[in-house]
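For reference, the structure is listed below as structure tokens.
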Amino acid sequence: MTYGGSMTFTERLNLVQAGLATAGIEAALITPGADLRYLTGYEAKALERLTCLVIRVGADPVIVVPALEVLAATASPVGELGMEICSWQETENPYALTAQLVGDASAVALDDHMWAQKVLDLRAAMPAVRQVLASQIIAPIRMRKDAEEVAALRRAGVAIDQVHAQVPKLLRPGRTEREVGLDIANLILDAGHVAVDFVIVASGPNAASPHHDVSDRVIEMGDPIVVDIGGTMPDGYRSDCTRTYNIGEPSAEFAANYATLLRAQSAACASVRPGVTCEKIDATARDILTAANLGHLFIHRTGHGIGLESHEEPYIVTGNDLPLLAGMAFSIEPGFYLAGHYGARIEDIVICTEDGVESLNHQPRELVIVK
Ligand code: ZN
Ligand code: ZN
Ligand code: ZN
């Protein structure tokens with residue numbers, strides 16, 4: 001695929017088949033989740049009953065579906081694809097059926113998010129078959145977004161930007177993080193998302209915990225507040241954006257540290273282009289914070305891929321020498337966190353383009369002073 005094009009489900013399935021053949025793996029087994037949606041458009045519920053896409057080398061893909069889900073599967077893009085649906089009745093063993101469809105095999109690639117119960121039942125049905133992770137085949141394909149996916153992530157970016165634009169008016173001394181969080185959740189839905197994935201409103205010392213949720217803490221004058229929010233759009237693509245707000249004037253120390261953070265985040269974004277490694281992007285942000293004596297307060301990786309999942313490959317982290325390719329989508333979100341005192345983070349979703357970078361978030365990145 002060249003950057004700018006779009007792939008059909010059939011082309012995606014063909015790429016997985018080719019990847020399996022190259023890796024010497026006879027089949028991939030994909031249960032409900034992001035991989036299934038990516039490969040077939042089928043947004044199946046993850047339940048105890050087995051629904052499983054069986055992608056085989058040298059044979060057409062088939063999907064194993066409980067009898068009571070056949071109508072739902074047929075109504076999904078799986079029906080349009082004309083894919084064979086193998087249904088099973090309540091008293092049948094779907095794992096034996098799946099093993100039969102896989103046939104003679106030395107290895108099967110399993111959906112990374114498959115439930116342990118299903119992994120073990122498949123192992124029992126195919127005791128001699130080695131189980132490996134399907135991500136080795138599928139992640140390299142999913143990592144590079146095609147034109148339609150980039151457009152979907154752009155729409156998600158616009159939607160979450162609309163929410164951040166309204167956050168300052170929600171932040172007032174005397175309100176709790178939870179009250180603000182509820183308002184934000186409603187705005188996330190109003191902005192066009194179909195689900196709220198997370199709402200972090202981390203005020204004052206709570207801002208020092210990167211994955212703080214909300215609490216009953218009352219917002220006070222002078223607080224820095226980290227607001228990290230994201231949701232799922234109707235097409236399944238995710239938003240994720242962080243801005244840091246300050247109620248009234250920040251302390252001189254916090255303002256100086258924030259200025260360094262802004263430089264680090266901007267430099268990391270600007271360093272994105274094809275061929276640059278993921279760890280180099282991380283180092284670009286980290287080196288600037290370290291030079292200002294803030295390196296030890298930057299306690300997480302710089303970013304994560306995003307698409308049909310909030311966190312997916314590529315991870316922007318030390319040790320990941322994967323070179324960026326046009327079409328990759330990921331966050332750039334350095335921060336600093338001083339336990340007991342304060343914290344800050346700036347996060348944008350960016351796309352690596354053919355010759356540089358496109359940011360999908362456009363709200364101002366400067367510390368937002370809420371009067
Ligand atoms: Zn996070
Ligand atoms: Zn993120
Ligand atoms: Zn985030």
Side-chain angles (χ1 to χ4, degrees), residues 34 139 142-143 145 149 152-167 177 180-181 184-185 187-188 191 193 195-203 206-214 224-233 236-245 258 261-262 264-266 268-269 272 278-279 281-282 284-286 289 298-318 320 324 328-337 343-352 357-365 367-368:
R142 267 183 57 190
M143 258 192 288
K145 271 62 185 176
E149 294 182 282
L153 285 167
R154 262 189 214 119
R155 289 191 293 271
V158 167
I160 207 69
D161 280 359
Q162 279 175 22
V163 179
H164 267 297
Q166 299 176 77
V167 165
E177 292 174 355
V180 173
I184 291 175
L187 289 174
I188 289 174
H193 299 88
V196 178
D197 295 330
F198 52 88
V199 176
I200 296 174
V201 181
S203 67
N206 288 344
S209 174
H211 275 174
H212 178 74
D213 183 15
V214 293
I225 306 181
V226 173
V227 177
D228 185 354
I229 51 180
T232 305
M233 298 294 281
Y237 285 82
R238 309 289 181 110
S239 64
D240 182 5
C241 184
T242 309
R243 291 294 182 261
T244 300
Y245 301 85
Y258 191 90
L261 177 64
L262 181 54
Q265 203 265 354
S266 310
C269 287
V272 172
C278 291
E279 64 182 355
I281 306 298
D282 181 87
T284 301
R286 203 166 298 279
L289 287 159
F298 179 19
I299 55 175
H300 54 72
R301 65 190 175 211
T302 291
H304 55 83
I306 189 167
L308 289 168
E309 291 173 283
S310 303
H311 288 192
E312 58 181 51
E313 295 198 54
Y315 293 102
I316 310 302
V317 63
T318 307
N320 187 1
L324 294 178
M328 286 182 177
F330 49 90
S331 70
I332 295 193
E333 50 177 310
F336 60 81
Y337 309 93
R345 178 163 67 255
I346 306 169
E347 173 179 30
D348 291 314
I349 303 303
V350 302
I351 304 277
C352 178
V357 64
E358 174 186 344
S359 180
L360 304 189
N361 299 108
H362 301 285
Q363 281 299 112
R365 296 167 188 85
L367 185 64
V368 182

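Nothing fancy with the numbering, it's 1 onward along the sequence. As the structure lists them, so they are numbered: ligands from 1, and atoms in each ligand from 1. Worth knowing before you read on, the calculation uses all heavy atoms, side chains too, and leaves out hydrogens, waters and symmetry mates.
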- If the Zn ion (ligand 2) is the vertex, what is the angle to NE2 of His304 and OE2 of Glu333, rounded to 10 degrees? 80°

- Message: What I want to check is whether the side chains of Asn361 and His164 have a donor and an acceptor closer together than 3.5 Å.
- Response: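 Absent: no donor and acceptor within the cut-off.
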
- Query: Near the Zn ion (ligand 3), is there an N/O/S atom from Asp228 that is less than 2.8 Å away?
  - Reply: yes

- Message: If you take the centroid of each ring, where Trp contributes its six-membered ring, are Phe198 and His211 closer together than 6.0 Å?
- Response: no

- Check Asp282, Leu289, Thr284 against Arg286 for a side-chain contact (heavy atoms from CB on, under 4.5 Å) and give me the one that passes. Asp282

- Message: For Met143 and Phe330: C-alpha separation, side-chain torsions, deciding distance, then whether side chain to side chain contact (heavy atoms under 4.5 Å, CB included) applies.
- Response: CA-CA 9 Å; Met143 258 192 288; Phe330 49 90; over 6 Å; no

- Query: Among the N, O or S atoms that Asp240 has, which is closest to the Zn ion (ligand 3)?
  - Reply: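 Result for Asp240 and the Zn ion (ligand 3): OD1.
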
- Which atom of Glu347 approaches the Zn ion (ligand 2) most closely (N/O/S):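 So the atom name we want here is OE2.
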
